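These notes are about the structure you will find just below.
Here, residue 1 is the first one in the sequence, and each next residue gets the next number. Everything numeric here is computed off the predicted structure, so don't read it as measured data.
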Amino acid sequence: GGGRKRSAVRDPGLVAALLALVEPEERGDPCSPLRWTVKSTRTLAGELTRQGHQVSAGTVRDLLRAEGFRLQASAKTLEGKQHPDRDAQFRYINGQVKEHQDAGDPVISVDTKKKELVGEFGNPGRQWRPAGSPAAVRDHDFASEAEGKAIPYGVYDLAANAGWVNVGTDHDTAAFAVESIRRWWNGIGRASYPAAGRLLIAADAGGSNGYRTRAWKAELAALALETGLQVTVCHFPPGTSKWNKIEHRLFSHITMNWRGRPLASHQVIVESIAATTTATGLKVHAELDPGSYPAGLRLTRAQAGALPLTRHDWHGEWNYTLRPEPPTPPPPPPQPPAGPGTAEWAHPALTGLDPADWDQLITTVHARLGDPPPGRRPSLSLAEQTLATVLALRFRPHAAALAQLFAVPAATIQAAQHRIWPLLVQAGYPTQLAGPQLKTLTELTAYAHTHGLTLTTTHPS
């Protein structure tokens, strides 16, 4: 029983004070001085000493271990809001996979791995090296100091347990994603599945291969037409990307293979990916893709609607098939409405143009402006707006005279001129005075009468 007594024995309140400091935040004292502080043994020892408990950091560590505490990281176990059909979509994907594999058709899982800065930057993890000689890397990961970026897009063949990684250097776009699949098919897939008529792709809900991305569907339609394959896509519901096979059968092993190694060049990245293997026989092919894939390209709703796409009965937004067919040709653009009085008022004496040239001018203006919004009928037709602007250019009448002629407010005439005048300039229509100045409506109608035209002062429509 001899010897120095333990701190917990000499100071009965020590353990209770320590436990009050390390109690989890949601249960501990909200007024604890260490609530928002990293609770290292040194910090805890300092706070206990301040409270009157003389103790060292080593003693704090021993006391914590005796009370069942261990160093632990946070665990990612709390899931976000689940879609009510999440599990049913999982079962649907599983059924599609089995059906395609039983028929001998390829099934691939695709995704973009985390983008990497290229250069002497730190990479998480450790690797065996001679003692005292760790790999020297930059102390800050500034993108401006990088030699570029690497965008690994992976294609994982479920049946063959083989991966294909296309390492891009530009942008992670839908075109880049589908080009990666195209390279896999031309490099490996076609030879592995010579009799295939279909291809099933399992993909996440977002990113360059997201289910809302029109460009993704358009690029897949082009791939289907090029290869003759019927391409089916099944998306995992939002928030469930970790269930995608490529995440834990390919990407996780790539991360383990290059851990602790600075990704100093694109060659290092490509070679590290290609050298990835597992005990279960995983094989990976990797190659560099220096192509340009500009971002910001958009498809209109009409273009997307023309794609040869069939939505499945079950969640057609997640599950759809692209047929190997060309897109439906778009309908011809609507003809511009022929304004009232065009046959009589649009006379060469007033417009300076032959009837055929006048019609071509209206078509050009209509192509640039398009149709008015649905359900909204403008006070003047496009032909009338153009005619009013042409009259203003050629004869310089007062806006009030044109307003009286077309039976609309003067502000409507002025607004039409602001819209049409620049388009006439772009079309090469002369904007200089081409005839006498006809300021009033009386002068304008009299000039028209000398050329056999009758301009009524009421709206012709």
Side-chain angles (χ1 to χ4, degrees), residues 294 296-306 329-441 443-445 447-448 451 453-461:
L297 302 181
R298 297 288 186 271
L299 261 74
T300 65
R301 181 171 297 182
Q303 291 172 322
Q335 293 296 321
T342 296
E344 297 180 0
W345 287 19
H347 189 277
L350 296 181
T351 64
L353 298 174
D354 293 334
D357 293 334
W358 170 258
D359 292 339
Q360 180 60 43
L361 179 63
I362 298 299
T363 301
T364 301
V365 173
H366 178 262
R368 294 181 181 273
L369 287 181
D371 294 325
R376 179 182 175 184
R377 182 181 178 184
S379 301
L380 296 176
S381 68
L382 184 62
E384 289 174 319
Q385 295 181 52
T386 306
L387 180 59
T389 305
V390 166
L391 292 176
L393 288 173
R394 289 178 58 81
F395 305 109
R396 303 294 195 268
H398 294 304
L402 293 177
Q404 185 178 357
L405 176 63
F406 289 96
V408 295
T412 300
I413 296 294
Q414 294 171 345
Q417 292 175 3
H418 282 300
R419 293 183 68 210
I420 305 299
W421 194 319
L423 302 180
L424 296 181
V425 173
Q426 296 175 17
Y429 185 84
T431 58
Q432 67 273 16
L433 183 67
Q437 291 195 31
L438 307 174
K439 295 295 186 180
T440 65
L441 179 60
E443 293 174 341
L444 189 61
T445 54
Y447 176 82
H451 292 84
L453 299 175
T454 300
L455 300 183
T456 60
T457 57
T458 58
H459 198 287
S461 57

So do the side chains of [X] and [Y] get within less than 4.5 Å of each other, counting heavy atoms only?
X    : Y    : result
V390 : I420 : no
L350 : L391 : yes
T386 : T351 : no

For a quick test of reading the model, state the closest non-hydrogen atom pair linking [X] to [Y] and the distance between them.
X    : Y    : answer
Q404 : L441 : CD-CD2, 3.5 Å
P436 : F395 : O-CD2, 3.4 Å
S379 : V408 : CB-CG1, 4.3 Å
H451 : H347 : O-NE2, 4.4 Å
A383 : W358 : O-CZ2, 4.1 Å
A392 : Q417 : CB-NE2, 3.3 Å

Under the side-chain contact (heavy atoms from CB on, under 4.5 Å) test, residues paired with [X] that sit two or more places apart:
X    : result
H418 : none
A416 : Q385
A400 : none
Q414 : A399

When rounded to the nearest 0.5 angstrom, what distance separates [atom1] in [X] from [atom2] in [Y]?
X    : Y    : atom1 : atom2 : result
D359 : D354 : CG    : CG    : 10.5 Å
T445 : L405 : OG1   : CG    : 8.5 Å
T389 : E384 : OG1   : CD    : 11.5 Å

Original post:
Please walk me through it: do L387 and L380 pass side-chain contact (heavy atoms from CB on, under 4.5 Å)?
Top reply: CA-CA 10 Å; L387 180 59; L380 296 176; over 6 Å; no
**OP:** Would you check, one step at a time, whether the test side-chain contact (heavy atoms from CB on, under 4.5 Å) holds for L424 with V365?
**Re:** CA-CA 8 Å; L424 296 181; V365 173; 4.3 Å; yes
